[in-house]
Amino acid sequence: MFWSQLYVPTLRENPAEAEVVSHQLLLRAGYVRQLAAGIYSYLPLAQRSLLKIQQIIREEMDAIGGQEMLLPALNPAEVWKESGRWDVMGDNMFRLKDRFGRELCLGMTHEEVMTSLARGEVRSYKQLPQIWYQIQTKFRDEPRPKSGLLRVRQFLMKDSYSFDLLPAGLDVSYEKHRVAYNKIFERCGLKFIAVEAHSGAMGGSQSHEFMVESNAGEDLVAVCESAGYGANLEKAVSRPVAPATADDETALEPEEFSTPNQKTIAELVAFTGVAATGLIKSVVYVGDEKPYLCLLRGDHQLSETKFSSATGAVEVRPAHPAEIQDWFGAAPGSLGPAGVKNMPILADLTLEGRHNLITGANKDDFHLRNVTPGEDFTAAFHDLRQVAEGDTHLETGAPLKIVKTVEIGHIFKLGYKYSESMGLKVSDQDGKEVTVIMGSYGIGVERILCAAIELFHDENGMSMPASIAPFQVVITPASYLDPAVKAAGEQLYKECKALGLDALLDDRDERPGMKFKDAELIGIPYRITIGKKLPNGIVEVQTRRGRTSADVAISEAAAHVAQLIRV
RNA sequence: CGGGGCGUGGCUCAGCCUGGUAGAGCGCCUGGUUCGGGUCCAGGAGGCCGGAGGUUCGAAUCCUCUCGCCCCGACCA
C-alpha cells in the first residue's frame, strides 16, 4: 500500500472528548471516528488491525476444532423469551418491532440462537462434541458507553459455544478454549493474565476471565504472582490483615455506652480509641426483596457478589434508610446484631472466634461493647468480605496486589441453563434422551486493539505488536523528490512484499519529520528510512518500540525486518 | 437515572461575566521556499456560534426549553 492512497487522517492534537489513552490515539492516529456515543466507524487502519486480530482468533479456534458460522444479529423475541432472558436483559437490550408488530431484538450474545440452532440439528450423542463459533457484531444498550472503544454499544465479538454429552466433555471443551485463548492473546502480543471469575448465581460452574492490566479498565482483580493466583475481586479470597490488637478473651457481658453522633467506623475509632478491627460493621442488604443483616470487621467491605452467593439472591441492593429505621428502630450508624429476630444474620468469617467487640446497639447514639460472636448473638458465617489492599494469599501468605484491568475474554461453563430451558437433548448410547451440557466463550475483538494500545504507547503514539499492527513495516524515503531515493524506496517496497511483509510505502511529498511523526503515531512496528546513507548502500531500520535503530545494507533490509518480525 | 462539565470553520481553543459587523493557531487550497524529526513566506477558501423559543433597536453573549457529547456515580449478560 502507498501512503498517498491510504486514508489516514491523523490529528496533531488530542480531540477534546477523549480521555483514555487508547481513545485519544485511535482518534489522533486516524483509526476511528465517532458517530454517536458508543458507536464508531472503523477507518482503514483500524479495519486492517481488527481483521488481523480476527484472523488470529479464527486460526486458533479452528485449531481446537471450532467451526465458524455466522448467526443473525437480528433476533426474534421468541428464543429470548424461552430462555427467560427477554425480561432479564432489561434496558441493555436493543428492541424493535417489525411492520407487523412482531418483537425483535439486536443480539447482545448468542446462547439462545446457538441453542435453538443446535436443538434443531443435533440428535445423537455421536454428533457431539461440537464447538461452534462466530465473529459478529453485538449490540448492547449500555447505560454509559465510555472510554473510546472499551465500552461501546456496537462491537465485534468472537463467541463460541460448546456442546457436550457429559460434564467431563465440557471440561475438555473448556480446557481447549483456555489453551486457545492463551495462544490468541499471546499471538496478539498482549501481556495478560487469566483470573478466576464469578460464575453467577447458579453456582458450581467454572469461569475464567482474561485480563490486561490497565488504568483504563473497569475490573479490579487480585493477583499474587508468586502463588500463581489471580481472581476478579468479585470472587477473590485472601488472608486478611490480622487485627491490630489481640482480643481480651475474658467472658464479659455486653455493655451499652453512649456514642452521640458517632456513626461511621472512622468516627467510632476516633471516639473509642479502639482500632477498626475491634469493631463490627453492620450492613443491611436486601436480596430478592428479603432483608439480611451482614456483619463485617470494621475495616472490611461487603462484597455484593459474595452476599449474593451466600444468600442465593439474584437482585441485590442496599436497604433504604427508611427500611432500616422500620426494621431496627434505629438509623444506620447504630446498628448491630443484638436482639435482631426479623431477618437472617450473616457474619463474615473473620468475625468467627473473635471476642468482646464493639457494635451498634440498635438504638440511636448508642453502641455495645464486649459483644462476642456466637455467644451474644448467633449468625451464619460466610465469606462476605471483599479482598482489600494489604491482604495476602490465602494459602501462602504472599502479598496480593489489586490491579485495574480490561477484560478481553471470558470463558464460562454454562452447564444446562440454556439446553434445559430450550430443550436441547440428544439420544445417548441407550437411546435415552440426555440434556446437552454447554459452555460459552467470548472475546472482545476491539478490546484487544484497545488493550494493545493501552499497553504499548509512548508520547509519540502507538507502538503496535507486529502481529496486529495495520502494517508491519513502513518504508520512509526521506525525500520522494530525489529520484534515487524514490527508486530505492519503490524497490525496497517490492522486496518487502516479495518476502510476504505487510508493507506501507510513504510516497507522500512531505518533509521527513512529518513522515516520521505520522509513522510513529500510527504505531507501525518497523520503519526503514532511506536517506543520507543511500549512496553508501545503507538504510536505517528503526524499531518503533524503544525507538532503537540500526544501519543495514539496502539489499538486506527487507530480510532484516522479516527476521525481526519472526523473532 | 442522579451529579458535574462542554457544544463557536476539519482539529485545538479564545470571545460570553459587562449584548453592538465572529477571532487565533493548526489543518485545507494557490504560488514560492525548504527537504533526516510536524520548514518558512505571501495570498485564499471555509463558521447563520448544537437546535427552538423568548427578552432587546440589536443576542455567540442574557432567560427558558430542548438535543448532543464527555466525566463521576448507579447499572453492567
Side-chain angles (χ1 to χ4, degrees), chain A residues 7 9-20 23-24 27-30 33-40 80 83-94 105-112 138-148 150-153 155 157 159 197-202 205 207 209 216 218-219 232 234 304-305 314-318 407 410 412 414 417-418 440-442 444 459-461 476-482 485-486 506 508-522 527-534 538-540 542 547 549 551:
Chain A
Y7 191 64
T10 58
L11 305 172
R12 203 178 274 247
E13 286 164 288
N14 274 327
E17 77 255 23
E19 212 150 283
V20 308
H23 189 200
Q24 292 175 341
L27 290 168
R28 259 194 77 196
R33 288 293 182 257
Q34 183 179 40
L35 178 63
I39 306 178
Y40 288 83
W80 289 86
S83 73
R85 289 209 289 184
W86 181 259
D87 296 320
V88 172
M89 291 305 196
D91 289 339
N92 256 27
M93 183 183 255
F94 281 106
C105 67
L106 298 179
M108 48 199 301
T109 175
H110 276 71
E111 281 80 7
E112 281 80 358
K138 301 286 191 247
F139 299 88
R140 298 182 187 184
D141 196 358
E142 291 288 342
R144 183 151 92 85
K146 59 172 183 168
S147 310
L150 279 172
R151 182 160 291 274
V152 287
R153 297 194 288 173
F155 61 97
M157 182 186 225
D159 48 321
H198 178 59
S199 51
M202 344 287 173
S205 301
S207 170
E209 289 168 332
E218 301 180 272
D219 283 289
N232 194 300
E234 292 183 335
E304 287 195 5
T305 317
V314 178
E315 291 241 336
V316 168
R317 63 169 174 86
E407 179 186 347
H410 198 161
F412 195 85
L414 285 178
K417 180 169 178 181
Y418 300 93
S440 92
Y441 317 88
E459 64 282 4
N460 299 299
T476 308
S479 167
Y480 217 63
L481 300 175
D482 179 328
V485 170
K486 177 181 175 188
D506 196 344
R508 295 174 299 170
D509 178 18
E510 293 290 351
R511 293 170 60 83
M514 165 125 180
K515 297 188 188 184
F516 297 153
K517 289 282 185 196
D518 268 348
E520 285 174 3
L521 179 60
I522 70 175
R527 186 182 81 211
I528 305 174
T529 310
I530 306 171
K532 295 191 283 233
K533 298 171 187 163
L534 180 63
I538 301 289
V539 295
E540 182 187 317
Q542 194 213 49
R547 297 219 286 177
S549 58
D551 285 350

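Only heavy atoms go into these numbers, but all of them, side chains included; no hydrogens, no water, no symmetry mates. In what follows, every chain begins at residue 1, and chains take the letters A, B, ... in the order their sequences are listed.
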Once you apply a heavy-atom cut-off of 4.0 Å, does A:A36 come out as touching a base, just sugar-phosphate, or nothing?
sugar-phosphate
Between A:E17 and A:M89, who's closer to the 5' end of RNA chain B by nearest nucleotide?
A:E17
Charged N to carboxylate O below 4.0 Å: is that the case for A:R527 and A:E520?
yes
Quote, to the nearest angstrom, the P distance that separates B:C28 from B:U39.
11 Å
Establish, from distance only, whether the side-chain atoms of A:S207 and A:E209 form a donor-acceptor pair under 3.5 Å.
no
Rounded P spacing from B:C41 to B:U61 in Å:
36 Å
Whole-Å distance separating the NZ atom of A:K138 from the P atom of B:C76
21 Å
Distance check needed: B:C69 P versus A:L27 CG, whole Å only.
15 Å
With sequence neighbours left out, what residues match A:L521 under side chain to side chain contact (heavy atoms under 4.5 Å, CB included)?
A:T10, A:L25, A:R28, A:A29
Taking a pair to mean Watson-Crick or G-U wobble geometry with both distances below 3.5 Å, B:G38 pairs with none
Looking only at atom C1', what distance separates B:G25 and B:G31, rounded to whole Å?
22 Å
Grab the NE2-P distance between A:H23 and B:C70 for me, whole Å please.
7 Å
Where the side chain of A:S147 is concerned, which of B:C70, B:C75, B:C71 is the nearest nucleotide?
B:C71
When the nearest nucleotide of RNA chain B is assigned to A:E304 and to A:Y40 on a heavy-atom basis, which residue is associated with the more 5' position?
A:Y40
Give one of base, sugar-phosphate or nothing for A:P143, where a contact means two heavy atoms less than 4.0 Å apart.
base
If we take the P atom in both B:C17 and B:C26, what is their distance in whole Å?
29 Å
note: A:L35, atom CG; B:G68, atom C1'; distance rounded to Å ~ 12 Å
Which parts of nucleotides 30-42 of chain B does protein reach within less than 4.0 Å, heavy atoms only, written one letter per nucleotide 5' to 3' as B for base, S for sugar-phosphate only and - for none?
----BBBBBB---
Tell me the interatomic distance from A:K146, atom NZ, to B:C69, atom C1', rounded to whole angstroms.
16 Å
Sticking with atom C1', work out how far B:A22 lies from B:U66, rounded to a whole angstrom.
25 Å
Sequence neighbours left out, what passes side chain to side chain contact (heavy atoms under 4.5 Å, CB included) with A:S549? Give chain and number order.
A:E540, A:Q542
For A:D159, side-chain hydrogen bond (donor to acceptor under 3.5 Å, both in side chains) partners two or more places apart:
A:Q134, A:K138, A:Y161
Considering only atom P, compute the distance from B:U56 to B:C67 and round it to an integer number of Å.
27 Å
Could you please name the partner base of B:G7, counting Watson-Crick and G-U wobble pairs only when both distances are under 3.5 Å?
B:C67
Pairwise C1' distance for B:G44 and B:G27, with rounding to whole Å
14 Å
For A:E234, what residues pass the side chain to side chain contact (heavy atoms under 4.5 Å, CB included) criterion, not counting sequence neighbours?
A:H198, A:N232, A:T305
Atom-pair distance (CZ on A:R151; C1' on B:A74), nearest Å:
13 Å
Those residues that, when tested against A:V539, pass side chain to side chain contact (heavy atoms under 4.5 Å, CB included) (two or more places apart)
A:I528, A:I530, A:I554, A:A557
When rounded to whole Å, the CD1 to P distance for the pair A:I39 and B:C70 reads 10 Å
A:R144 CZ - B:C70 P separation (whole Å)
9 Å
Pairing partner (Watson-Crick or G-U wobble, both distances under 3.5 angstrom) of B:C28:
B:G44
Does A:R153 make a cation-pi contact with A:F139 (under 6.0 Å, within 45 degrees of the axis)?
no
Mind checking who B:G2 pairs with, Watson-Crick or G-U wobble, both distances under 3.5 Å?
B:C72
Would you measure the distance from the P atom in B:G3 across to the matching atom in B:A74 and give it in whole Å?
16 Å
For the atom pair CG (A:D482) and CG (A:L534), what is the distance rounded to the nearest 0.5 Å?
7.5 Å
